[in-house]
Amino acid sequence: MRPIFQERNMSEELSGNEYRQQRIENMRKLEEAGFPAFGQAFERTATLAELHAEFELEKTVKACGRIIAMRKMGKMAFAHISDGSDKFQLMVKKDLLGEETFAAFKLLDIGDIIGVEGDLFITQTEEQTVRVNSWTLLSKALLPLPEKWHGLQDVETRYRQRSLDLISNPEVMDVFKKRTQVMREIRAFLDSRGYFEVETPMLQQIAGGAAAKPFKAYYNALSIDVFMRIAPELYLKRLIVGGMDRVYEMNRNFRNEGLDRTHNPEFTCLEIYQAYGDMRTMQELIQSMFTHLATTIFGKMEFEWMGNTINLQTPWREVAYHDLIKEHLGTDWFEKSLDDAKAKAAELDVHIEAGMDFKTVTHEIYDKTIEGTLIQPTFITRLPKELVPLANACADDPELVDVFELIIGGKEIAPAYSELNNPIEQRKRFEEQAAGDGSKIDEDFLLALEHGMPPTGGMGIGIDRLLMLLTGSDAIRDVILFPQLKPRG
RNA sequence: GGUCCGGUAGCUCAGUCGGUAGAGCAUUUGACUUUUAAUCAAAGGGUCCCGGGUUCGAGUCCCGGCCGGAUCACCA
């Protein structure tokens with residue numbers, strides 16, 4: 001934070017701990033030896049990963065990276081540098097560099113960033129190595145890195161200082177490279193099928209499209225409150241009305257709720273809408289998409305997750321909600337009384353509130369005892385309309401809605417709907433939801449709907465939870481670079 | 001929000017019954033031209049999360065707080 005020259009010219013030079021003081025002293029000695037501590041851009045001939053991949057004996061190369069290990073001996077030294085792509089060994093010899101330059105090299109600390117020029121060779125222990133002819137200091141590290149063997153373990157420090165986490169835990173870097181690849185391949189897949197990526201407002205005057213509390217902000221120029229969006233749904237449907245027949249957005253949503261293992265207040269969602277389609281269209285789409293991701297990025301269809309093996313081989317199982325319930329609770333379940341259902345809930349240790357009706361009790365039991373057992377990909381279809389208020393009814397049963405919930409690894413990964421396109425019905429449900437507060441009804445959306453929206457299939461996929469599944473992470477914080485944390489006390 | 005667990009050197013972790021604060025890595029000094037958790041010898045390094053209390057004496061026991069983790073509840 002503070003300028004380094006100030007540190008060096010004042011008594012503050014000795015501030016900080018022992019390690020920092022020693023490194024500042026080393027920096028001073030290096031500068032005296034003609035190695036400025038913070039260098040210029042360095043033109044490397046290859047990244048360290050490329051150096052390994054295209055290894056050629058005695059080729060002269062320029063490489064750079066952070067020193068992550070050093071083994072100094074009297075007249076030679078070995079070091080490993082890392083550049084985020086891989087690590088590579090360096091060998092430094094006194095007779096090649098000369099007395100002063102070799103001595104200066106030994107003043108380098110672990111964490112320093114250097115550039116080297118040298119020739120490739122293979123050591124007696126058969127490791128590809130650069131025999132250094134010259135080197136330059138690119139950046140001095142004033143603070144030490146975490147321990148080389150155990151890395152950075154402290155969970156809190158890992159999230160608060162992600163830079164250190166990435167430096168010392170290579171598997172963390174892998175997870176976030178996978179994250180970027182997954183998002184890139186999702187876009188490639190959808191683009192190749194003619195879906196059009198759009199960006200809709202994050203600052204909204206009415207935060208609609210889901211039932212969640214929004215974050216509030218204030219817009220000075222208009223003197224109005226605005227809200228961070230909780231979902232892009234109502235804007236994407238306007239685009240369907242407008243004739244963008246296949247449209248998607250993959251971006252952040254914000255919900256003003258608590259933090260836990262599967263919730264971060266900002267999270268990434270993919271929402272897809274397809275005119276003239278329905279829930280079935282989305283069913284085909286997501287199976288193809290996941291197959292594409294699994295084969296192109298991971299090269300496999302089976303994933304280990306929390307001690308289970310998940311097989312993404314399609315077609316995935318489909319089961320109607322009522323059949324699933326009967327499977328677990330008995331074929332006569334839906335003939336039972338409310339009291340019987342409550343007794344069963346008590347037996348299963350499922351918490352029940354006083355005023356719950358039969359359908360709600362049934363769903364509580366499903367939520368707590370059935371969903372978690374669905375490890376392999378499962379589409380649950382034909383849900384009671386009370387559970388999913390914004391979907392079209394099934395053609396053959398007005399009590400059920402034409403939707404699916406995709407469960408993988410015992411968690412809901414994606415819901416999809418045959419979307420409600422009746423503006424009169426939509427207004428009615430908004431009014432019920434708003435509970436008398438007309439300012440919460442999105443009139444602009446209803447106006448669009450009244451111009452006619454074709455039958456539409458829609459789907460939402462929680463990208464963070466998908467990544468947890470694909471990378472074997474059990475916490476959403478492990479797939480978000482900078483998760484929300486309380487301010488340090 | 002409730003309950004339980006944790007916070008000790010830069011990092012990873014021990015710390016017994018309440019009695020001088022420990023190890024490994026890292027650091028410093030010395031030796032060492034094929035090491036790779038380099039090795040060998042020696043040395044330095046602590047706001048024991050914070051604040052109270054009990055006690056002759058607290059890292060340790062008690063109370064309050066902060067941060068993190070697990071779990072339940074709430075919220076989708």
Side-chain angles (χ1 to χ4, degrees), chain A residues 16-26 29 67-81 87-97 102 105-111 121-132 141-161 164-165 167-169 209-214 230-231 253-265 267 269 349-353 363-364 367-368 371 387-390 405 411-412 415 433 460 462 465 474-475 477-478 483-489:
Chain A
N17 65 33
E18 171 196 3
Y19 296 92
R20 190 162 178 280
Q21 291 170 34
Q22 280 161 0
R23 282 162 180 256
I24 286 173
E25 179 59 18
N26 286 344
K29 288 180 186 164
I67 298 171
I68 56 167
M70 269 247 252
R71 295 174 290 281
K72 299 176 199 173
M73 278 164 283
K75 292 174 184 149
M76 68 180 305
F78 289 91
H80 273 101
I81 58 172
K87 59 180 184 174
F88 210 94
Q89 182 167 261
L90 309 179
M91 182 182 73
V92 181
K93 294 172 81 169
K94 189 175 185 174
D95 55 8
L96 281 177
L97 292 186
F102 181 74
F105 190 88
K106 289 177 88 171
L107 288 171
L108 291 172
D109 291 302
I110 287 173
F121 79 109
I122 292 182
T123 62
Q124 288 176 4
T125 48
E126 300 190 333
E127 177 161 354
Q128 298 177 344
T129 303
V130 178
R131 188 193 304 111
V132 175
L142 298 185
L143 294 173
L145 294 182
E147 202 225 2
K148 62 187 170 189
W149 190 243
H150 299 91
L152 183 62
Q153 297 294 321
D154 184 79
V155 183
E156 184 175 355
T157 311
R158 286 187 44 221
Y159 297 143
R160 288 194 193 277
Q161 299 187 53
L164 273 188
D165 191 25
I167 290 168
S168 52
N169 298 323
K213 292 190 197 93
I230 56 176
N253 292 333
F254 307 86
R255 296 189 182 176
N256 206 338
E257 55 192 37
L259 291 161
D260 66 29
R261 201 201 305 197
T262 56
H263 292 83
N264 195 64
F267 59 100
C269 243
D349 220 17
V350 172
H351 181 81
I352 294 297
E353 300 282 335
H363 195 65
E364 279 299 306
D367 230 24
K368 295 293 184 302
E371 185 175 280
L387 298 179
V388 189
L390 297 177
E405 286 191 351
K411 305 271 183 211
E412 189 183 325
Q433 220 176 8
R465 290 183 187 176
D474 66 341
R477 289 176 168 188
D478 291 330
Q484 190 66 226
L485 293 171
K486 281 195 193 182
R488 212 173 328 218

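Within every chain, numbering begins at 1; the chains are lettered A, B, ... in the order of the sequence lines, protein sequences first and strands thereafter.
Side-chain atoms of A:E147 come within 3.5 Å of backbone N or O of A:H150 as a donor-acceptor pair. Between the side chain of A:R158 and the main chain of A:D165, no donor-acceptor pair closer than 3.5 Å is present.
A gap of 12 Å separates the P atoms of B:rG6 and B:rC49, to the nearest Å. For the P atom pair drawn from B:rG19 and B:rA58, the interatomic distance equals 11 Å after rounding to whole Å.
Using a 4.0 Å heavy-atom distance criterion, A:E412 is classed as making no nucleic acid contact. Heavy atoms of A:H80 sit under 4.0 angstrom from at least one base atom. Counting non-hydrogen atoms under 4.0 angstrom, A:D95 reaches a base of the nucleic acid. Residue contacts for A:L152: at a heavy-atom cut-off of 4.0 Å it reaches the sugar-phosphate backbone alone, with no base atom in range. Counting non-hydrogen atoms under 4.0 angstrom, A:Q153 reaches the backbone sugars and phosphates but no base.
Rounding to whole angstrom units, NE2 of residue A:H351 and P of B:rC75 are separated by 10 Å.
Going from atom CG of A:L96 over to atom CE of A:M91 covers 6.5 Å, rounded to the nearest 0.5 Å.
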Protein-nucleotides 46-48 of chain B N/O pairs under 3.5 Å:
none

Review item, nucleotides 1-9 of chain B N/O atoms under 3.5 Å of protein N/O:
none

Contact list (N/O, under 3.5 angstrom) for nucleotides 37-40 of chain B vs protein:
| from | atom 1 | to | atom 2 | distance (Å) |
| --- | --- | --- | --- | --- |
| B:rA37 | O3' | A:K148 | NZ | 3.1 |
| B:rA38 | OP1 | A:K148 | NZ | 2.2 |
| B:rA38 | OP2 | A:R71 | NH1 | 3.4 |
| B:rA38 | N6 | A:K72 | O | 3.2 |

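Nearer the 5' end of RNA chain B, as judged by each residue's closest nucleotide, is the contact made by A:R131, out of A:R131 and A:A211.
Not a single donor-acceptor pair, N or O on each side, falls under 3.5 Å between the base of B:rA70 and the side chain of A:D260. Under 3.5 Å, the side chain of A:Q89 and the base of B:rU35 form at least one donor-acceptor pair of N or O atoms.
Checking B:rG64 for Watson-Crick or G-U wobble geometry (two distances, each under 3.5 Å) identifies B:rC50 as its partner. Searching all strands for a Watson-Crick or G-U wobble partner of B:rC25 with both distances below 3.5 Å returns B:rG10. If you check B:rU3 for Watson-Crick or wobble pairing at under 3.5 angstrom, you find it paired to B:rA70.
Phosphate contact (OP1/OP2 of B:rA76, side-chain N/O of A:N253, threshold under 4.0 Å): absent.
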